[in-house]
Amino acid sequence: MSTPFLSEDQLAREVELIERVERSFDRADNARLKQIMQALVRHLHGFVREVRLTEQEWNTAMQFLTDCGRTTTDKRQEFILLSDVLGISMQVISVNNEAYRDATEATVFGPFFVQGAPLIGHGGDMAFGAPGEPCWVVGRVSDTDGTPVQGARIDVWEADEDGLYDVQYNDARTSGRAHLFTDHNGEYRFWALTPTPYPIPDDGPVGRMLSATGRSPLRASHLHFMVSASSYRTLVTHIFVRGDQIGWADSVFGVKETLIKDFTRHPAGTPTPDGRELGQQTWTDVRFDIVLAPASA
Ligand code: BEZ
Ligand code: FE
């Protein structure tokens, strides 16, 4: 930590306060809670001392957190959004999903998953009328030895070409989301939409912070997956579009090299893999093979 030159008295005063606050947690019965609170105190005081936080800046921070609280409802979670744009959500995912052999990497969950999305069969369409360019998605779910995982549940969800999830419309539509199960070979296939970039909700305090710091609210184009099967670690991830205009500048730091996939575009009139008639519409296809880590990993 780099602190400016401080007199010995001032330094002693600052350090003594940290130690006193840390000791105030000494008698906590819960050892893990004690460890977390004491480390939090050390890091927060370290931050205040490093930047020599002014009282006015502290007031601004308190107002910012108050605004985050006021913006949070049962449909909008501004604190999770704050964690996302600070890279904390991705750091927690890294800490808790240590790489296991060649298991597929996890990324951020995001606020737009909804329990109970409709079931589709093999080759079904998860768009349910959401506007966008059709995208044929295929892949295979296996374990780290290459054995197919039959009956794995795959939840998929994504924004439409206007950058909105169904839950962001003021009606009760269900679109751009579904679940399906892998077949006896661990394989799956379905129609989705070619992902496009969209902004995270930026009309609240987090959006104001991004704008004040010259940051974009845009997320790199992606399609969400959650893959679960008994005895395996549930995988929450996305696939990203290679060549996407946002790419590594993703506002929530969710992009990982292994999750960037080739979405191949086909001219209008090109026959589709399942014979679906798309008329004058272009379409894309992508392959995403998924490797699940064991639950014990
Ligand atoms: C999303 O991808 O849906 C998302 C992730 C983090 C924050 C906002 C949106
Ligand atoms: Fe998303």
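Just follow the structure's listing: the first ligand is 1, and inside any ligand the first atom is 1.
Taking the six-membered ring for Trp and thresholds of 30 and 60 degrees, His222 and His224 have ring planes more than 60 degrees apart, a perpendicular arrangement.
Checked by atom type, the side-chain pair Thr284/Glu133 shows no donor-acceptor distance below 3.5 Å. Gln10 and Ser7 form no side-chain donor-acceptor contact under 3.5 Å, judged by distance and modelled atom types alone. A side-chain donor-acceptor contact under 3.5 Å links Gln63 and Asp67. When only modelled atom types and interatomic distance are considered, Ser89 and Asp84 share a side-chain donor-acceptor pair under 3.5 Å.
Linking Ile, Leu, Val, Met, Phe, Trp and Tyr residues whenever their side-chain heavy atoms come within less than 4.5 Å leaves Trp136 and Ile154 in two separate clusters. Linking Ile, Leu, Val, Met, Phe, Trp and Tyr whenever their side-chain heavy atoms come within less than 4.5 Å puts Tyr188 and Tyr232 in one cluster.
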Identify the protein atoms, limited to N or O, that lie within less than 3.5 Å of an N or O atom of ligand 1, and list each pair with its distance to 0.1 Å.
{"residue": "ligand 1", "atom": "2 (O)", "partner": "Tyr198", "partner atom": "OH", "Å": "2.7"}
{"residue": "ligand 1", "atom": "2 (O)", "partner": "Arg219", "partner atom": "NH1", "Å": "2.6"}
{"residue": "ligand 1", "atom": "2 (O)", "partner": "His222", "partner atom": "NE2", "Å": "3.0"}
{"residue": "ligand 1", "atom": "2 (O)", "partner": "His224", "partner atom": "NE2", "Å": "3.0"}
{"residue": "ligand 1", "atom": "3 (O)", "partner": "Tyr165", "partner atom": "OH", "Å": "3.3"}
{"residue": "ligand 1", "atom": "3 (O)", "partner": "Tyr198", "partner atom": "OH", "Å": "2.7"}
{"residue": "ligand 1", "atom": "3 (O)", "partner": "His224", "partner atom": "NE2", "Å": "3.2"}

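The environment of Arg76 atom CZ is dense: over 12 non-hydrogen atoms of other residues, nucleotides or ligands sit within 6.0 angstrom.
Of all protein N, O or S atoms, those under 2.8 Å from the Fe ion (ligand 2) number 4.
Salt-bridge annotation for Glu14 and Arg52: present, with a side-chain N of the basic residue lying under 4.0 Å from a carboxylate O of the acidic one.
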